[in-house]
Novice: 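First the structure, then my questions, so here it is.
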2 protein chains.
Amino acid sequence: MPATVTLSPDNFAQALADSGLRNTPQREVIYSILLKKRDHPTADEVYARVKAELPTISLATVYNCLEALVNCNLVRAVNFEREPTRYCPNLHPHAHFHDETAGSTHDIDLPPGLLEQVRAILPPGYDASSIEISFRGRTAPEAATR
Amino acid sequence: MPATVTLSPDNFAQALADSGLRNTPQREVIYSILLKKRDHPTADEVYARVKAELPTISLATVYNCLEALVNCNLVRAVNFEREPTRYCPNLHPHAHFHDETAGSTHDIDLPPGLLEQVRAILPPGYDASSIEISFRGRTAPEAATR
DNA sequence: GTGATAATTAGAACTATTCCAAGAAAAGGG
DNA sequence: CCCTTTTCTTGGAATAGTTCTAATTATCAC
Ligand SMILES: [Mn+2]
Ligand SMILES: [Mn+2]
Ligand SMILES: [Zn+2]
Ligand SMILES: [Zn+2]
């Protein structure tokens, strides 16, 4: 299983500061919600969860905060086809598996060297700033809960 | 470079029939447009190109036809983040490189075995029906035209 | 040909996301 | 501490890509 890197509150504020952004209660709570349940929620799902703690937050703020967290590299935005963007606080390089039947999204660890091997297929002159590996399919019932 | 598999008109009609779909002038012309310029156009771009040949075609028909071609596996839909879907008639398994600067999208050949190697990283119980490898970045000026 | 089925069309509707303008909060200098 | 500037949040409007709807047209099977 992937090691769970948890940032101290100070490190969280520092990561924001490094990108010239301020820490705010909204950003903190949204980040903690992503850490608490790592099921790759959509913005709407984050909105529903955050309202329990910040009942007056707006959906625009949820989008703004998620964008801020993505921009300072605390969170990854994950897309499948044209479905709503999902958000992932796992900072290790990893692939994603989207179970179309269950609608769930799972992290897939990358064995050492695979990413380099994939990058190596690029012809000369191609400079990739990001590489995404994503799967769609089904998970066996017992695998879904692993 | 990838071998260009060109379907005969009969094979095209057959591929549609195999999925229980009819051949139509709109579907033929849209498919020929994808083959003619393999730059991964969006639906809007296909619409602009097809109007030269079928001036009265509607955008809805372009979407309908592209969906039909995707459903009968003559065309692949390609997505980068939340940008408009692009369409690719290259039936060989391949990865995609999206040049953010140029806005262009390029096919990347996969060396034999890589896809199997990538599939092998899935834990037991994960059954992938599709695997996507996609890059974002820049291409050197001379690489862009290769 | 006739009736059934499928495809095209224009425009309305939808949905995820972004934009906007106003107010609230925080920072920094004196 | 005020004051000024900048950043952030907010609700609502706007946007954009795509899908839906209902009417028309084309094709198929007999
Ligand atoms: Mn799904
Ligand atoms: Mn782009
Ligand atoms: Zn993830
Ligand atoms: Zn392609």
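Every chain is numbered from 1 and lettered A, B, ... according to where its sequence line falls, protein lines coming before strand lines.
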Novice: Does a side-chain N or O of B/Gln26 approach OP1 or OP2 of D/dA26 to a distance below 4.0 Å, or not?
Specialist: no
Novice: Across nucleotides 13-25 of chain D, 5' to 3', mark each nucleotide with B, S or - according to how protein heavy atoms within less than 4.0 Å reach it.
Specialist: ----SBBB-----
Novice: Using a distance-only test with no angle check, is there a side-chain donor-acceptor pair under 3.5 angstrom linking A/His96 and A/Thr105?
Specialist: no
Novice: So where does chain B start and stop touching DNA chain C, 5' to 3', when the test is distance under 4.0 Å to a non-hydrogen atom?
Specialist: C/dT5 to C/dT17
Novice: Nearest heavy atom decides the nucleotide; on that basis, is B/Arg22 or B/Thr61 closer to the 5' end of DNA chain C?
Specialist: B/Arg22
Novice: Salt bridge or not for B/Glu45 and B/Lys51, using N-O below 4.0 Å?
Specialist: no
Novice: Mind calculating the distance between NZ (A/Lys51) and P (D/dT10) to the nearest angstrom?
Specialist: 12 Å
Novice: Indicate yes or no: at least one non-hydrogen side-chain atom of A/Arg76 is less than 4.5 angstrom from one of A/His94.
Specialist: yes
Novice: Hydrophobic clusters here meaning ILVMFWY residues chained together by side-chain heavy-atom distances under 4.5 Å, can you tell me if B/Val78 and B/Val46 are in one?
Specialist: no
Novice: Any chance CZ of A/Arg138 has more than 12 other-residue heavy atoms, nucleotides or ligands included, within less than 6.0 Å?
Specialist: no
Novice: What is the distance from CG of A/Leu54 to P of D/dT9, rounded to the nearest Å?
Specialist: 10 Å
Novice: Are A/Arg119 and A/Glu132 close enough for a salt bridge, meaning some N to O gap below 4.0 Å?
Specialist: no
Novice: Tell me whether A/Asp39 is salt-bridged to A/Arg49, with the criterion being a basic N under 4.0 Å from an acidic carboxylate O.
Specialist: yes
Novice: With no hydrogens and no angle check, is any side-chain donor or acceptor of B/Asp127 less than 3.5 Å from a backbone partner on A/Thr139?
Specialist: no
